[in-house]
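See structure below.
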Amino acid sequence: MTAPDIKTPLPGPKAKAIIDRDEKRVSTSYTRSYPFVMARGEGAVVEDVDGNRFLDCAAGIAVTSTGHSHPDVVKAIVDQAQKFLHMSGTDFYYEPQVRLAEQIAEIVPIRGDVRSFFGNSGTEATEAAIKLARYATKRPNVIAFFGSFHGRSLGALALTASKVVQRKGMGPMMPGVYHAPYADCYRCPVGASPDTCAAECVDWIENQLFLHLVSPDEVAALVVEPIQGEGGYVVPPKQFHDRLRSLTRQHGILLVADEVQSGMGRTGRMFACEHFDLEPDMVNIAKGIASGMPLGITAARADVMSWPPGTHASTFGGNPVSCAAALATINILRERLVKNAETVGSYLLDRLRALADAHPLIGEVRGKGLMIGVELVRDRKTKERAVTERDAVLEAMFARGVLILGAGRNTVRFAPPLVLSKEQADSAVKVFDEALTEIEKTGGGTRRPETARAGA
Ligand SMILES: Cc1ncc(COP(=O)(O)O)c(C=O)c1O
């Protein structure tokens, strides 16, 4: 399938009919940026129910790592489904789950023995990590970061500090969670220069948090996204992770790397931690691990993941069909797609950076592999956030046949399936270029409220 190829006004008649039905019966809490109704997909191309074809730069929120319905993944799913659909790894054994745990132990950036806990989603991976950290350390508190996203179930939500709409009306939050500044050097949260931003963010933990609010020997875990995802695809300097690692080691705090969005090859390495030589004590995995089948994994140092039967489990967690999809996905990533994410990602990054000369809306282009964010600003000096303009750009890209999401308040997020070719990257850049030109001319107009944008 080739894309973009738009044949009807959007939404087309069939899409409109489905959206009308959805609006009556489906939860109003979902965020939909524009009216795309999926019919089928192949690689990095998706087709809607009216036959319009789009280049997919969203991958179902950074999930379909091997592209839509990769034949090897589909075959693995069908083969497993014909044998059995479910047995519950909580009470019984099945080989695909063991094999996956063995593979995860091989690929995660943790040295020595590793064990895995299986859930169904990113938020469940966060829940498992919080519970395991508390259990293993016998300490109650957790540190997370402003701008972070770790899920929406109530434990994970207490860590999530992305958009206030995600928390509003849901309190009280789980106690014992403290938030620290994340080293976003483009707009340093502690007001430091880009050179000192990373150090000053970690100093804040030592000199403010540990001095005034919580004793480090009562902190079980520090949970950090190696590259912040929902917060705006923010790449911190290596020094940030170096300092966090030595601080956590010094105080016996477990470092949990949330690789739910940045993992599984997306950044051109199997895990984003590898870019920073960061060795965490636990790694959370979901999204891209099974190419779209539900699966969440909390992998930990074996000496940490030593909790007695009954402490944590899930009926569906590590479902055999999802495990089969994950094993096929890992194979494809290792053989080809981690490398492709690196090559096509750096090509796309260069091409996007080259657009900055022509487009004053572009404030910063950043990323690793195929995890790329373009932050839009109204003024490069003041860095005023181009919030409505960003939303208008997403809609203008949709109208031209590219599916793409925002991240943070004013960043355009390029998170395509890792099968993206250079030619497809060129198409995405061309459409982005046109959309920027249009919005720079029209200003983008008035849009829906900021809280109603799509994303995780
Ligand atoms: C870094 C990170 N952690 C956790 C989650 C939550 O994952 P899920 O939506 O599968 O619960 C997300 C979702 O976007 C994420 O980006």
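Along the sequence shown, residues carry numbers from 1. Both backbone and side-chain heavy atoms feed into the values below; hydrogens, waters and symmetry mates do not.
- Checked options Glu225, Arg413, Arg266; the residue passing with Gln261 is Arg413 (criterion: side-chain hydrogen bond (donor to acceptor under 3.5 Å, both in side chains)).
- Every residue two or more places apart in sequence or in another chain that forms a side chain to side chain contact (heavy atoms under 4.5 Å, CB included) with Ala58 is listed here: Asp56, Leu405.
- For Ser421, the side chain to side chain contact (heavy atoms under 4.5 Å, CB included) partners at least two apart in sequence or on another chain are Glu423, Gln424.
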Mind listing the side-chain donor-acceptor pairs of residues 78-85 below 3.5 Å, one per line with the distance, residues two or more places apart or on another chain?
{"from": "Asp79", "atom 1": "OD2", "to": "Lys75", "atom 2": "NZ", "distance (Å)": "2.7"}
{"from": "Gln80", "atom 1": "NE2", "to": "Phe84", "atom 2": "O", "distance (Å)": "3.0"}

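- Between His241 and Pro226, the shortest heavy-atom distance links the atoms NE2-O, 2.9 Å.
- With salt bridges taken as basic N to acidic carboxylate O contacts below 4.0 Å, none links Glu375 and Lys383.
- At a threshold of 4.0 Å, the pair Glu279-Arg245 does not count as salt-bridged, since none of the basic side-chain nitrogens sits closer than that to a carboxylate oxygen.
- Both cation-pi conditions hold for Lys422 and Tyr347: the charged atom is under 6.0 angstrom from the six-membered ring centre and inside a 45 degree cone around its axis.
- Scanning for salt bridge (charged side-chain N to carboxylate O under 4.0 Å, His left out) contacts around Arg134 gives an empty result, with sequence neighbours left out.
- Note on Glu47 versus Arg40: salt bridge recorded, some NZ/NE/NH1/NH2 to OD/OE distance being below 4.0 Å.
- Annotation: salt bridge (charged side-chain N to carboxylate O under 4.0 Å, His left out) contacts of Arg336 (sequence neighbours excluded): none.
- For the atom pair NE2 of His150 and OG1 of Thr126, the computed distance is 6.5 Å after rounding to the nearest 0.5 Å.
- Contacts classified as salt bridge (charged side-chain N to carboxylate O under 4.0 Å, His left out) and involving residues 292-304 (residues at least two apart or in different chains) are given here: Asp281-Arg301, Arg301-Asp303.
- A parallel orientation is assigned to the rings of Tyr34 and Phe398, their planes being inclined by less than 30° (bins at 30° and 60°).
- Gly318 and Tyr94 get closest at one heavy-atom pair: O-OH, 2.5 Å.
- For Arg249, there are no salt bridge (charged side-chain N to carboxylate O under 4.0 Å, His left out) partners, not counting sequence neighbours.
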Please list, one pair per line, the donor and acceptor atoms closer than 3.5 Å that link side chains of residues 169-176 to other protein atoms, with sequence neighbours excluded.
none

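- For Ile19, the side chain to side chain contact (heavy atoms under 4.5 Å, CB included) partners at least two apart in sequence or on another chain are Pro11, Glu23, Pro35, Val37.
- Not a single side-chain hydrogen bond (donor to acceptor under 3.5 Å, both in side chains) links Thr160 to another residue, sequence neighbours left out.
- Every residue meeting the salt bridge (charged side-chain N to carboxylate O under 4.0 Å, His left out) condition with Glu206, not counting sequence neighbours, appears here in chain and number order: Arg243.
- Qualifying ring pair (Phe, Tyr, Trp, His ring centres under 6.0 Å) partners for Tyr135, counting only residues two or more places apart in sequence or in other chains: none.
- In summary, Lys339 and Glu342 engage in a salt bridge, as defined by a charged side-chain N under 4.0 Å from a carboxylate O.
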